[in-house]
Engineer: 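Sending over a structure as structure tokens; questions will come in a sec.
As the structure is a computational prediction, the values presented were derived from the model and not from experiment. Below, all heavy atoms of this structure are taken into account, side chains as well, without hydrogens, waters or symmetry copies. Throughout, a chain's letter reflects where its sequence line sits, starting with A, and its residues are numbered from 1.
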Protein chains: 2
Amino acid sequence: MKILEVLRENGRISVAALAERVGISRANAYTRFEALRADGAIKRFTAEIDPVRTGLGITALIFVTVRQQMWKQFRAELARMPEVEYCAITTGQHDAMILVRMGDVAAVHAMVTDRLANIPAVKATETVFILDEVLKRPYVLPSDGEKARTARRPAQEAQGGEVPLGMMRFVGAAEGRAALQKDT
Amino acid sequence: MKILEVLRENGRISVAALAERVGISRANAYTRFEALRADGAIKRFTAEIDPVRTGLGITALIFVTVRQQMWKQFRAELARMPEVEYCAITTGQHDAMILVRMGDVAAVHAMVTDRLANIPAVKATETVFILDEVLKRPYVLPSDGEKARTARRPAQEAQGGEVPLGMMRFVGAAEGRAALQKDT
DNA sequence: GTTGAAATTAGTACGAA
DNA sequence: TTCGTACTAATTTCAAC
């Protein structure tokens, strides 16, 4: 876990320096480093690039409602959209959330109306713009939430707490979400 | 741009190998590599870690409505939540979107009710779960969208296109969003 | 899991095109 | 700006412990 903590902050650190930071020997660091990669715990190393510096100053979220039993097609179309940085299938009112980065607002509009809307699998979309990315961490590790988890009370206790009830709500999955499997 | 393309896929590549992949000399690669870092185009290098492998199998999006003129406090509280991987200020129905990774559903519930709801700046929340992360790219580059952009028609043309109108909608900013500045 | 030495590779500094 | 090369420093590999 210590190794992961170091590597997510500095992916280009040498294994020798990593060994020193973590407090193990060089050879051991190499062994564990390799094991983490082979295991898939470390998926890859990447450079964090400033999108604004490369001309992609507009970031938008597109919430997509997918026609049931057309998920496979939706996924296939997504793979052909390189300007999509992130896509997740969600519970709630919409079925998927897409994050795109574009050069200008018009490009977002074109993306939504020309490309997304023309996919038969897409039933409806809703677009919001990102005004500011407050924080973006490479990846959260369990050690990050340690304080929060130890301080966590059991659900029963929490319910009787000082939280104004009715203030928040969970949104369940839309009907027909059984069609969510990747092969449908 | 070629350098960035290589580095986002392999952040640990040696500068020598990078030079070869891009087709420039080793010395030049060092110069440009340094320039990109100094410029801020490359913000940092990081390891992509599989959250499931580290025990964080649950991912949730929390949409937050923030009490106006309490943005500063909201931001301050966010900084104290290490389990938050991403937070963006958005237009639309909600004011912010938070992505958290936790060990189980109960932890998400505790996070929302105990931690978020207790922040005075938080007026309301809405939580959805992420069922599948279809794609996650390190960062989108302008070269990715080249095909899409050249194929893009002007807005007027697009409007007259074969897109079923009324099928999608943009969601404007909520009222009072003037309080969005970081110092409010 | 550690240490140490050999082989390889990376990073730096220059002059020239 | 870019390239080629020589030089120095560091990293990785591999061995024995």
Side-chain angles (χ1 to χ4, degrees), chain A residues 1-57 82 101 103 136-146, chain B residues 1-56 103 137-146 149-150:
Chain A
M1 211 58 91
K2 268 192 192 173
I3 292 173
L4 295 180
E5 271 173 50
V6 173
L7 284 177
R8 78 175 161 171
E9 274 162 34
N10 182 5
R12 270 185 90 85
I13 195 172
S14 73
V15 180
L18 173 69
E20 202 182 10
R21 291 263 271 113
V22 178
I24 55 175
S25 70
R26 264 96 36 81
N28 192 11
Y30 276 102
T31 308
R32 287 173 172 278
F33 183 85
E34 265 315 307
L36 283 168
R37 299 207 69 170
D39 238 51
I42 297 173
K43 287 195 280 191
R44 65 171 156 182
F45 291 93
T46 184
E48 249 188 63
I49 294 157
D50 188 340
V52 179
R53 291 299 183 100
T54 62
L56 299 176
R101 296 195 190 271
K136 183 182 187 98
R137 284 195 251 265
Y139 255 115
V140 176
L141 290 173
S143 52
D144 291 330
E146 227 121 70
Chain B
M1 212 57 92
K2 268 192 192 173
I3 293 174
L4 295 181
E5 271 174 49
V6 173
L7 284 177
R8 80 175 159 169
E9 273 162 34
N10 181 5
R12 270 185 89 86
I13 194 172
S14 73
V15 181
L18 174 68
E20 201 183 7
R21 291 263 271 112
V22 179
I24 56 175
S25 74
R26 221 155 62 88
N28 193 10
Y30 276 104
T31 307
R32 287 173 171 276
F33 183 84
E34 263 316 307
L36 284 168
R37 299 206 68 170
D39 239 49
I42 296 173
K43 287 196 281 191
R44 64 171 157 181
F45 291 93
T46 185
E48 250 188 62
I49 294 158
D50 188 341
V52 178
R53 290 301 183 99
T54 62
L56 299 175
R137 284 195 250 266
Y139 255 113
V140 175
L141 290 174
S143 52
D144 290 329
E146 227 121 71
R149 246 198 311 294
T150 49

Engineer: Quick one: B:R26 CZ to C:dG11 C1', roughly how many Å, whole number?
Structural biologist: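 After rounding, the reported distance stands at 7 Å.
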Engineer: Measure CD/A:E34 against C1'/D:dT13 and give the value in whole Å, please.
Structural biologist: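 From A:E34 CD to D:dT13 C1': 12 Å.
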Engineer: Whole-Å distance between D:dT13 P and A:F33 CZ?
Structural biologist: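 Whole-Å distance recorded here is 10 Å.
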Engineer: Decide yes or no for A:L141 and A:E5: does some side-chain heavy atom of the first lie under 4.5 Å from some side-chain heavy atom of the second?
Structural biologist: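 Yes, close enough: below the 4.5 Å cut-off.
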Engineer: What distance do B:R37 atom CZ and B:E34 atom CD have between them, rounded to the nearest 0.5 Å?
Structural biologist: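 Here the interatomic distance stands at 7.0 Å.
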Engineer: Could you work out which one of C:dT3, C:dG1, D:dT11 sits closest to the side chain of A:N28?
Structural biologist: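 Looking only at side-chain atoms, A:N28 lies closest to C:dG1.
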Engineer: Does CZ belonging to B:R21 count more than 12 external heavy atoms closer than 6.0 Å?
Structural biologist: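 No, the 6.0 Å shell around CZ holds no more than 12 heavy atoms from other groups.
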Engineer: Without decimals, in angstroms, what is the distance between B:L18 CG and C:dG11 P?
Structural biologist: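 So the two atoms are 10 Å apart, to the nearest Å.
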Engineer: Think A:R32 has a side-chain N or O under 4.0 angstrom from the OP1 or OP2 of C:dG1?
Structural biologist: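 So the side-chain polar atoms of A:R32 do come within 4.0 Å of the phosphate oxygens OP1 or OP2 of C:dG1, strictly under.
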Engineer: To the nearest angstrom, how far is A:R37 atom CZ from D:dT12 atom P?
Structural biologist: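 Taking CZ of A:R37 and P of D:dT12, I get 12 Å after rounding.
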Engineer: Assign A:A16 to base, sugar-phosphate, or nothing according to its heavy-atom contacts below 4.0 angstrom with the strands shown.
Structural biologist: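 Sugar-phosphate, backbone atoms only, no base.
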Engineer: What integer distance in Å separates B:Y30:OH from C:dT12:P?
Structural biologist: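 Answer to the nearest Å: 7 Å.
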Engineer: Would you please test B:R44 and A:N10 for side-chain contact (heavy atoms from CB on, under 4.5 Å) and show each step?
Structural biologist: CA-CA 7 Å; B:R44 64 171 157 181; A:N10 182 5; over 6 Å; no
Engineer: Roughly, in whole Å, what's the span from CD in A:E20 to C1' in D:dA10?
Structural biologist: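 Going from A:E20 (CD) to D:dA10 (C1'), I get 13 Å.
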Engineer: Let me know, please, whether A:G23 or B:A27 comes out on the 5' side of the other along DNA chain C by nearest nucleotide.
Structural biologist: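 With A:G23 and B:A27 compared, the 5'-side residue is A:G23.
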Engineer: With a cut-off of less than 4.0 Å, is there a side-chain N or O of B:S14 near OP1 or OP2 of C:dA10?
Structural biologist: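 Yes, B:S14 has a side-chain N/O under 4.0 Å of OP1/OP2 on C:dA10.
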Engineer: Out of C:dA10, D:dT12, C:dT3, which has the shortest distance to the side chain of A:S25?
Structural biologist: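 Output: C:dT3.
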Engineer: Does A:R8 count as lying over the ring of A:Y139, i.e. NZ or CZ under 6.0 Å from the six-ring centre, within 45 degrees of the axis?
Structural biologist: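 No; the conditions do not both hold, so A:R8 does not lie above the ring face of A:Y139.
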Engineer: What integer distance in Å separates A:I24:CD1 from C:dT3:P?
Structural biologist: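 Between P of C:dT3 and CD1 of A:I24: 11 Å.
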